[in-house]
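The next block holds one structure in the form of structure tokens; read it before the comments.
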2 protein chains.
Amino acid sequence: MDIDMIEISKALSNKTRLNILKWLKDPEGNFPPQGGCLSEPVDLKGGVCVSSIQAKANLSPSTVSNYLDTLQRAGLLLSERHGKWTYYRRNEEAIMALAEFVKEEL
Amino acid sequence: MDIDMIEISKALSNKTRLNILKWLKDPEGNFPPQGGCLSEPVDLKGGVCVSSIQAKANLSPSTVSNYLDTLQRAGLLLSERHGKWTYYRRNEEAIMALAEFVKEEL
DNA sequence: TTTACATATTGAAAATTCCCGAAATGTGTG
DNA sequence: CACACATTTCGGGAATTTTCAATATGTAAA
């Protein structure tokens, strides 16, 4: 598991994408309750569906979907699909690894 | 002193700019001795002149000058002019602050 | 299976970044 | 002052990124 600093930096160089990361630090505080429409109860691990993030970001669904993909390809987000919904959450391990990289290697 | 994460991320999202930061971690190891042409001896604090960096980066002087400016505007480099030369060095404080920001706030 | 909805992908116009050569600026020297 | 040299700034073509609407795909329900 190595750090692609360019990919990560590009992912972080946009206000909305930074906001998404920030919002996902406190999903309960920043988004409506998730998973209510699922047939079976699942542990979403703080994951939030695309439409909730889209509503908060106030951008088109395709843009937000792209942003989430960008953050995921950079390794900063994880996603899990349940039914119709894709739930995105922070990859805390990757974020810690990034902090460590900046501190020791940058 | 607050962190402009977008400015910093943009500065870091380029291979050469990342290399410059890395090279400046070990100026003696990566560049020829600096300051030899100065009339008076000065403590360069590990600073390296633009032409030495340009030679190593293998890009045009104007591009390298631009890159250094980008890194400085992001706060990651410091510069000091002595005679005809501008010596750039890492801003370790800012880099530590960035690591801390990623760890605690991102 | 038809429908409805959540999300992802595609295609394109606008904005930004990359990188250079040319020109300008700063600085010491003859 | 005139010159050489280090660096910066400017102008622009090529490449990339941004963002959307339109379209496609996946999934559950009727």
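What's counted below: heavy atoms across the whole structure, side chains too, no hydrogens, waters or symmetry copies. Protein chains get the first letters and strands the later ones, always in sequence-line order, with residue 1 at the start of each.
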Next item on the list: State yes or no: do Leu44(B) and Leu71(B) share one hydrophobic cluster built from I, L, V, M, F, W and Y residues joined by side-chain heavy-atom distances below 4.5 Å, directly or via other members?
Entry: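 No, it is not one cluster - the side chains of Leu44(B) and Leu71(B) are not joined through contacts under 4.5 Å.
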Can you tell me if [X] touches the phosphate of [N], counting only side-chain N or O atoms and a distance under 4.0 Å to OP1 or OP2?
X        : N       : answer
Tyr88(A) : dA6(C)  : no
Lys84(B) : dG26(C) : no
Thr63(A) : dC20(D) : yes

Next item on the list: Please check if the side chain of Glu80(B) supplies one atom and the backbone of Tyr88(B) the other of a donor-acceptor pair under 3.5 Å.
Entry: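 Not confirmed, Glu80(B) side chain does not pair with Tyr88(B) backbone.
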Rounded distance in Å - [atom1] ([X]) to [atom2] ([N]):
X        : N       : atom1 : atom2 : result
Arg81(A) : dA28(D) : CZ    : P     : 8 Å
Asn66(A) : dT10(C) : CG    : P     : 10 Å
Asp69(A) : dC20(D) : CG    : C1'   : 17 Å
Leu38(B) : dA6(D)  : CG    : P     : 12 Å
Leu68(A) : dT18(D) : CG    : P     : 14 Å
Glu80(A) : dT7(C)  : CD    : P     : 14 Å
Lys10(B) : dT17(C) : NZ    : P     : 5 Å
Trp85(B) : dC5(D)  : CH2   : C1'   : 8 Å

Select base, sugar-phosphate, or nothing to describe what [X] touches, counting heavy atoms under 4.0 Å on all strands.
X        : answer
Tyr87(A) : nothing
Thr86(A) : sugar-phosphate
Asn14(B) : sugar-phosphate

Check: How are the rings of His82(B) and Tyr87(B) set relative to one another: parallel (under 30°), tilted (30 to 60°) or perpendicular (over 60°)?
Finding: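 Geometry flag for Tyr87(B) against His82(B): tilted rings.
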Check: Does any N or O donor sit under 3.5 Å from an N or O acceptor when you compare the side chain of Ser60(B) with the base of dG21(C)?
Finding: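 Not at all, since no donor on one side and acceptor on the other fall under 3.5 Å apart.
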Notebook entry, point to check: Under 3.5 Å, is there an N or O donor on one side and an acceptor on the other linking the side chain of Ser51(A) and the base of dA6(C)?
Noted result: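 Checked by distance alone, the answer is no.
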Checklist line | Candidates dT18(D), dC10(D), dC20(D) - which lies nearest the side chain of Ser62(A) | finding: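 For Ser62(A), the side-chain atoms sit closest to dC20(D).
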Next item on the list: Return the nearest nucleotide to the side chain of Val50(A); candidates are dT8(D), dC20(D), dA8(C).
Entry: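 It is dA8(C).
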Check: Do NZ/NE/NH1/NH2 and the carboxylate oxygens of Glu105(B) and Lys25(A) come within less than 4.0 Å?
Finding: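 Looking at Lys25(A) together with Glu105(B), the answer is no, because their closest N to O distance does not fall below 4.0 Å.
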Margin query: Run Ser62(A) and Ser65(A) through side chain to side chain donor-acceptor pair (under 3.5 Å) and show every step you take.
Written below: CA-CA 5 Å; Ser62(A) 60; Ser65(A) 183; over 6 Å; no
Next item on the list: By nearest nucleotide on DNA chain D, pick out whichever of Arg17(A) and Gly83(A) is the more 5' one.
Entry: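 Final value for this comparison: Arg17(A).
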